[in-house]
Amino acid sequence: MTIRVLLADDQALVVGTFRLLIDLSEDFEVVGVAANGREAVDLARATRPDVVVMDIRMPVLDGIAATAEITADETLRATKVLVLTTFETDEYVAEAIRAGAAGFLGKGIGPEELFAGIKTVAGGDALLSATATRALISQFLAPPEASGATVLSDDVLPELTAREREVVAEVAGGLSNDEIAQKLYVSPLTVRSHVQRAIAKLDVRDRVQLVVRAYQSGLVRASRE
């Protein structure tokens, strides 16, 4: 299936290069190009892309604010935002996650990394390394009283079954589906099913927001080492 992509960047050379690269691949289709965040939001509503590749620093409305508008729009629930920027700081990554972005890449990446990133977020997975996920959540998103323990009580996220809580805790710890499957002695498909059910039950957009909910609920508590 062709992945429909919206590009949002105020630098014509950058967006032109990305468009050329994406158009050369049979796996993707560029459905629109926006020069600022407001155009990105309007075009997203008009074209309903699978993925928005979003720059952070743009005029009129920046990429973080545009991401927040897109992810808050129920009609765009299936649209994922991949933030792509030269400003690779923890603060920007954390703001992008808070706004609902499903992934984050620097502009120094090559074509294959860009394609892989678009496919990853389009498929509903997070595009952050395990180390980056743990560091960002613990520093910027976890409650300040977090102490380093993992809580699997029925009182925490009671919407989930015990097994779903266990799987979500491992996801929040930065493990992939294959790693969780190996640790819990189940198949990767079973793990994926648990993750998808947890996303649906908790009414979050994707795996990134599932990790955020796990920390904010206290299911997982970030290490303060």
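Keep in mind the model is a prediction, meaning the values are calculated, not measured.
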Keeping [X] on the side-chain end and [Y] on the backbone end, is there a donor-acceptor pair under 3.5 Å?
X: Asp50; Y: Arg4; value: yes
X: Thr71; Y: Ala101; value: no
X: Thr79; Y: Pro49; value: yes

*Can Glu29 and Val31 be said to form a side-chain contact (heavy atoms from CB on, under 4.5 Å), step by step?*
CA-CA 6 Å; Glu29 174 191 0; Val31 296; 4.1 Å; yes
Indicate the atoms forming the closest heavy-atom contact of [X] with [Y], along with that distance.
X: Val5; Y: Leu7; answer: CG1-CD2, 4.0 Å
X: Ala214; Y: Ala172; answer: CB-CB, 3.8 Å
X: Arg165; Y: Pro158; answer: NH1-CA, 4.4 Å
X: Val83; Y: Ala96; answer: CG2-CB, 3.9 Å
X: Val41; Y: Glu69; answer: CG1-OE1, 3.6 Å

*Go through the steps for Val204 and Val212 under the test side-chain contact (heavy atoms from CB on, under 4.5 Å), then give the verdict.*
CA-CA 10 Å; Val204 294; Val212 173; over 6 Å; no
*asked:* Please determine whether the number of non-hydrogen atoms from other residues, nucleotides or ligands lying under 6.0 Å from atom NZ of Lys183 exceeds 12.
replied: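 Check fails, neighbour count at 12 or below.
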*Could you tell me whether Gln182 atom CD has more than 12 heavy atoms of other residues or ligands within 6.0 Å of it?*
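No, because the 6.0 Å sphere around CD of Gln182 holds 12 heavy atoms or fewer from other groups.
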Looking at [atom1] of [X] and [atom2] of [Y], how far apart are the two atoms once the value is rounded to the nearest 0.5 Å?
X: Asp55; Y: Asn36; atom1: CG; atom2: CG; value: 11.0 Å
X: Asp62; Y: Asp10; atom1: CG; atom2: CG; value: 11.0 Å
X: Ile64; Y: Ile56; atom1: CD1; atom2: CD1; value: 4.0 Å
X: Ile70; Y: Lys80; atom1: CD1; atom2: NZ; value: 12.5 Å

_Student check: side-chain heavy atoms of Val14 and Leu84 closer than 4.5 Å_ =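 Side-chain contact under 4.5 Å: no.
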_Are Lys201 and Leu157 packed together at the side-chain level, in the sense that at least one heavy-atom pair is separated by less than 4.5 angstrom?_
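No, their side chains stay 4.5 Å or more apart.
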_Holding to side chain to side chain contact (heavy atoms under 4.5 Å, CB included), I want the full list of residues that pass it with Arg197, two or more places apart in sequence or in another chain._
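With sequence neighbours excluded, Arg197 shows a side chain to side chain contact (heavy atoms under 4.5 Å, CB included) to Glu164, Ser193, His194, given in chain and number order.
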_Run Asp73 and Thr75 through side chain to side chain donor-acceptor pair (under 3.5 Å) and show every step you take._
CA-CA 5 Å; Asp73 190 330; Thr75 67; 2.6 Å; yes
*Take Val195 and Ile180 through the side-chain contact (heavy atoms from CB on, under 4.5 Å) test and state the conclusion after the steps.*
CA-CA 11 Å; Val195 172; Ile180 297 170; 5.6 Å; no
*asked:* Applying ring-ring contact (aromatic ring centres under 6.0 Å, His included), can you list everything that pairs with Phe28, at least two apart in sequence or on another chain?
replied: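 Here the qualifying residues are Phe115.
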*Taking NZ, NE, NH1 and NH2 as the nitrogens, is one of them in Asp203 or Arg77 under 4.0 Å from a carboxylate oxygen of the other?*
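A salt bridge is present here (some side-chain N lies under 4.0 Å from a carboxylate O).
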